[in-house]
Amino acid sequence: MNKYRKQFLLDHSITHLNHASFGATPISIMHEYSHWQRKLEMNPVDFIDNQLPNLVQESRQKLSIFLNCDRDDIVYCPNPTTALNTVIRSLNLKANDEILTTDHEYGALSRTWNFICKKTGAKLIHHKVPFPITDEEDFIDSFLSKVNQRTKVIFISHITSPSSIIFPVQKICDYCNEKNIISIIDGAHVPGHIPLDIKSLNPDFYSGACHKWMCSPKGVSFLYAKKSMQEMIEPLIVSWGYEAEKPSHSQFLDYLQWQGTNDISAYLTIPSVIDNISDKKWKNKIAVCKENIQKVRKIILDKFDFTEFSELNYNLQMHSIVHNLQIENIKDKFYNNYKIQIPINVHNNYSYFRFSVHVYNEISEMEKFIDCFEDFMKKSF
Ligand SMILES: Cc1ncc(COP(=O)(O)O)c(C=O)c1O
């Protein structure tokens, strides 16, 4: 067995080719997580009232260095949905304001936009991403051609969930900064996956998940807000930081950091999580994962009449292939028969599957998937 597999709690009877959905956490980090939980339980009042604020600050400090931004421009949130809801619900949108986005965004966030547009009369403009993407410049030009006087916000994923595409967010943020349009970047799949330098990117708002590619315990994500935008952020949950008795230097932190009593031990593991993913051997294994994705991609495209959402090579640990088989409950049927955990879904009428792999995966598992998928097609359940 792959030596990394032993470092995770993943069930050995399952072939796990879906790291991207919820991540997986090394046992060593789970121990650290439980160490913080035990410390909290030994003296909850002292730990939460007196120790936690400094510990969370140290953890944010380490994360901010990893992301290259200022410590107090990021705040922890349990997930990107919470982080981005906070931003979206703080925007003072008016009837006929426009939000430009793509049709490859994460469903929960599209719903958030639908909700806010129904309330305010603002309009969500979905740019239809070409199928397949063959040229980044063409994509950017046609996307930005939808901007007009009413465009208040551009909302876009850095890496898309269904299609595993890296959108050119640097160019989009540069454009937004020049034209005074609010940029909100959904970077759920980015931290620990591709390099992220927030200072250079310079978005207005950015959210990333730490429990996906950084492999932290579940429920760790962050919201970054540019200093000049922090004042406009309202708390999604109003708690003690609103009208704080002793306000800190940052309203942004006061409003968002304390959201009522909760176990936030997972946030405290981030310094160890970053040390873990900075290990040279771990990084080497990730490079192999990326090569394996490319090899498997090639095998599949040579063997089957399948296509891809994008013909550009992104060098990621995830990749989506469009197969267009029309089988009801395909994902469950496939899982029940072969015990392979992989998303097989439909996006914009395209049926696709998405590999996503981490250090604990071997290429043989993806090859097994190919054999099983071939068998599945023959049997046409
Ligand atoms: C692109 C994208 N955005 C946001 C999310 C966040 O989801 P959640 O807040 O449910 O963790 C995901 C989760 O997979 C995602 O893929």
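Both backbone and side-chain heavy atoms feed into the values below; hydrogens, waters and symmetry mates do not.
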Does one side chain, of [X] or [Y], offer a donor that lies under 3.5 Å from an acceptor on the other?
X: T102; Y: E105; value: yes
X: H319; Y: Q294; value: no
X: K218; Y: H211; value: no
X: S221; Y: N79; value: no
X: E58; Y: N54; value: no
X: K226; Y: N177; value: yes
X: D73; Y: Q230; value: yes
X: S110; Y: Y106; value: no
X: E32; Y: S272; value: yes
X: H19; Y: S356; value: no
X: Y352; Y: N324; value: no
X: S250; Y: D72; value: no
X: T160; Y: S163; value: yes
X: N50; Y: D46; value: yes

Any donor and acceptor pair, going by atom type alone, linking the side chain of [X] with main-chain N or O of [Y] inside 3.5 Å?
X: R150; Y: D97; value: no
X: H193; Y: Q317; value: yes
X: D204; Y: S183; value: yes
X: S216; Y: C210; value: yes
X: S90; Y: E234; value: yes

Would you give the length of the straight line joining atom [atom1] of [X] to atom [atom2] of [Y], rounded to the nearest 0.5 angstrom?
X: M229; Y: L91; atom1: CE; atom2: CG; value: 8.0 Å
X: S164; Y: I321; atom1: OG; atom2: CD1; value: 9.0 Å
X: Y350; Y: S320; atom1: OH; atom2: OG; value: 13.5 Å
X: Y224; Y: L67; atom1: OH; atom2: CG; value: 10.5 Å
X: Q37; Y: L40; atom1: CD; atom2: CG; value: 8.0 Å
X: Q251; Y: Y242; atom1: CD; atom2: OH; value: 8.5 Å

ILVMFWY network linking [X] to [Y], side-chain heavy atoms under 4.5 angstrom:
X: L253; Y: V87; result: yes
X: F205; Y: I74; result: no
X: I286; Y: I293; result: no
X: L201; Y: F143; result: yes
X: I99; Y: I154; result: no

In terms of heavy-atom contacts, does [atom1] of [X] have more than 12 from other residues, nucleotides or ligands at under 6.0 Å?
X: F304; atom1: CZ; value: yes
X: D141; atom1: CG; value: yes
X: D305; atom1: CG; value: no
X: N180; atom1: CG; value: no

- Task: Before giving the answer on side chain to side chain donor-acceptor pair (under 3.5 Å), spell out for K331 and N345 the whole-Å C-alpha distance, their side-chain angles and the decisive distance to 0.1 Å.
- Result: CA-CA 7 Å; K331 181 177 184 295; N345 296 326; over 6 Å; no
Salt bridge present between [X] and [Y] (N-O < 4.0 angstrom):
X: K285; Y: E362; result: yes
X: K146; Y: E98; result: no
X: D279; Y: K283; result: no
X: E328; Y: K333; result: no
X: E367; Y: K295; result: no

- Query: In terms of the angle between their ring planes, are W213 and H189 parallel, tilted or perpendicular, with boundaries placed at 30° and 60°?
  - Reply: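 Tilted, since the angle between the ring planes falls between 30° and 60°.
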- Item | Chi angles and distances behind the side chain to side chain contact (heavy atoms under 4.5 Å, CB included) call for N313, R297 | CA-CA 10 Å; N313 178 356; R297 170 192 186 204; 3.7 Å; yes
- Have a look at F353 and tell me which of N18, I330, I300, I340 forms a side-chain contact (heavy atoms from CB on, under 4.5 Å) with it.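 Of all the options given, the one that passes is I300.
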- Does K339 make a cation-pi contact with Y335 (under 6.0 Å, within 45 degrees of the axis)?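 Pair K339/Y335 counts as cation-pi.
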Could you tell me if the ring centre of [X] sits under 6.0 Å from that of [Y]?
X: W282; Y: H358; result: yes
X: F8; Y: Y360; result: yes
X: F334; Y: F369; result: yes

- Message: Any non-hydrogen side-chain atom of T307 less than 4.5 Å from a side-chain atom of F131?
- Response: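 In contact.
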- Query: Would you say W258 and I264 make side-chain contact, with heavy atoms under 4.5 Å?
  - Reply: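 Result no, sub-4.5 Å side-chain heavy-atom pair not found.
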- Test side chain to side chain donor-acceptor pair (under 3.5 Å) applied to Y76 and S59, step by step: CA-CA 10 Å; Y76 280 120; S59 172; 2.7 Å; yes
[X] versus [Y], closest heavy-atom pair with distance:
X: C289; Y: V359; answer: SG-N, 4.0 Å
X: F155; Y: T101; answer: O-OG1, 2.8 Å
X: R5; Y: I14; answer: NH2-O, 3.2 Å

- Task: Starting from the C-alpha separation in whole Å, work towards a yes-or-no answer on side chain to side chain contact (heavy atoms under 4.5 Å, CB included) for K199 and D70.
- Result: CA-CA 9 Å; K199 275 200 178 139; D70 289 346; 3.0 Å; yes
- Query: Given T86 and L256, is the side chain to side chain contact (heavy atoms under 4.5 Å, CB included) satisfied, shown in steps?
  - Reply: CA-CA 9 Å; T86 305; L256 303 187; 3.7 Å; yes
